[in-house]
Amino acid sequence: MPGKPLSLHTREEISLALIENRSVPWAEIGRRVGHHPTTIWREVEANGGRARYRPAIAERRASRARRRPRLRRLEAASELRDRVITELKLGRSPVAIWADLVAEKSTVLVCVETICAALYAGIDGPCPTECLRTRRPSRRR
């Protein structure tokens with residue numbers, strides 16, 4: 001199934017298949033674990049190749065990669081965050097805020113997507129239904 005992350009159990013199945021036969025086709029392993037062959041190939045190549053693949057190490061590496069190491073730009077207290085929140089409360093759109101920052105040649109910029117993501121993530125400003133034109137309470141996929 002596309003988009004489904006690999007679990008430790010799946011990684012162990014991949015490892016078993018490689019132990020049984022180092023030259024087993026990626027498609028065969030993919031059918032065995034229920035993932036696309038390209039996903040299997042990327043997983044194995046990123047974690048040591050056919051000869052050195054270890055599922056526990058690959059799982060640890062994947063869990064570290066999933067973590068977000070720092071706050072988003074508008075989550076941390078700053079002048080930029082305060083300005084964006086103030087302008088959103090005044091009814092300005094994220095596009096207008098971004099355009100002003102660009103026109104002023106500000107040293108710190110945020111893109112429109114960053115402003116929208118912060119709104120939907122719940123920064124201390126107004127909720128998305130109050131300040132966005134679409135008035136959606138949550139994002140569309």
Side-chain angles (χ1 to χ4, degrees), residues 1-19 21-141:
M1 175 180 287
K4 185 173 64 170
L6 296 174
S7 65
L8 179 57
H9 176 72
T10 304
R11 288 183 170 94
E12 288 171 351
E13 287 289 321
I14 294 169
S15 179
L16 285 175
L18 291 173
I19 289 169
N21 180 5
R22 290 275 180 227
S23 62
V24 64
W26 301 121
E28 187 177 320
I29 299 173
R31 279 190 298 274
R32 186 170 167 178
V33 298
H35 283 272
H36 195 274
T38 304
T39 304
I40 307 303
W41 174 75
R42 286 181 180 155
E43 168 73 12
V44 173
E45 291 302 312
N47 292 292
R50 287 181 184 258
R52 295 179 38 222
Y53 182 76
R54 300 293 177 266
I57 295 170
E59 178 71 19
R60 239 181 288 131
R61 186 170 182 249
S63 69
R64 271 197 314 269
R66 278 192 293 268
R67 291 187 208 138
R68 184 161 177 87
R70 60 185 172 86
L71 292 174
R72 291 184 180 107
R73 185 166 281 185
L74 293 177
E75 286 178 343
S78 66
E79 287 182 30
L80 177 66
R81 178 178 184 247
D82 296 338
R83 177 177 176 177
V84 168
I85 289 173
T86 303
E87 292 193 23
L88 286 170
K89 287 181 180 176
L90 293 174
R92 308 272 327 273
S93 72
V95 175
I97 296 169
W98 170 80
D100 283 349
L101 290 170
V102 171
E104 294 169 4
K105 295 182 177 154
S106 177
T107 57
V108 182
L109 289 176
V110 289
C111 67
V112 176
E113 174 58 29
T114 301
I115 297 171
C116 291
L119 273 171
Y120 284 112
I123 61 170
D124 293 333
C127 65
T129 58
E130 296 171 5
C131 59
L132 294 180
R133 184 176 51 87
T134 58
R135 305 284 186 234
R136 283 195 191 101
S138 60
R139 294 193 87 160
R140 278 189 182 173
R141 287 186 176 220

Using a cut-off of 6.0 Å, state whether more than 12 heavy atoms not belonging to Arg50 lie near its atom CZ. yes
Shortest non-hydrogen contact from Pro94 to Cys116? CG-SG, 3.9 Å
Smallest heavy-atom separation, Ala17 atom then Val24 atom, equals O-CG1, 3.9 Å
Among Leu119, Thr114, Ile115, find the residue that satisfies the side chain to side chain contact (heavy atoms under 4.5 Å, CB included) test when tested with Val84. Ile115
Could you check whether His9 and Ser7, counting side-chain N and O atoms only, form a donor-acceptor pair closer than 3.5 Å? no
In Å, rounded to the nearest 0.5 Å, how long is the span from CG of Leu16 to CZ of Arg11? 14.5 Å
With a 3.5 Å cut-off and sequence neighbours excluded, list the donor-acceptor pairs that the side chains of residues 105-112 form with protein atoms.
residue: Ser106; atom: OG; partner: Val108; partner atom: N; Å: 3.4
residue: Ser106; atom: OG; partner: Val108; partner atom: O; Å: 3.0

Once you round to the nearest 0.5 Å, how far does CZ of Arg60 lie from CG of Asn47? 11.0 Å
Would you compute the distance between atom CZ of Arg83 and atom CZ of Arg92 and round it to the nearest 0.5 angstrom? 8.0 Å
Close side-chain approach of Leu6 to Val33, heavy-atom, < 4.5 Å: no
List the steps and the verdict of salt bridge (Lys or Arg N to Asp or Glu O under 4.0 Å) for Arg32 and Glu28. CA-CA 6 Å; Arg32 186 170 167 178; Glu28 187 177 320; 5.9 Å; no
Value rounded to 0.5 Å, distance of CD in Glu12 from CG in Leu8: 4.0 Å
Do you know the tightest heavy-atom contact between Ala76 and Arg81? O-CD, 3.3 Å
Can you tell me how far apart CD1 (Ile29) and CG (Asn21) are? Round to the nearest 0.5 Å. 8.5 Å
Do other residues, nucleotides or ligands put more than 12 heavy atoms under 6.0 Å from Glu104 CD? yes
Between Arg73 and Leu80, is there a donor-acceptor pair closer than 3.5 Å when you use the side chain of the first and the backbone of the second? no
Gap separating the CZ atom of Arg54 from the CG atom of Leu18, nearest 0.5 angstrom: 10.0 Å
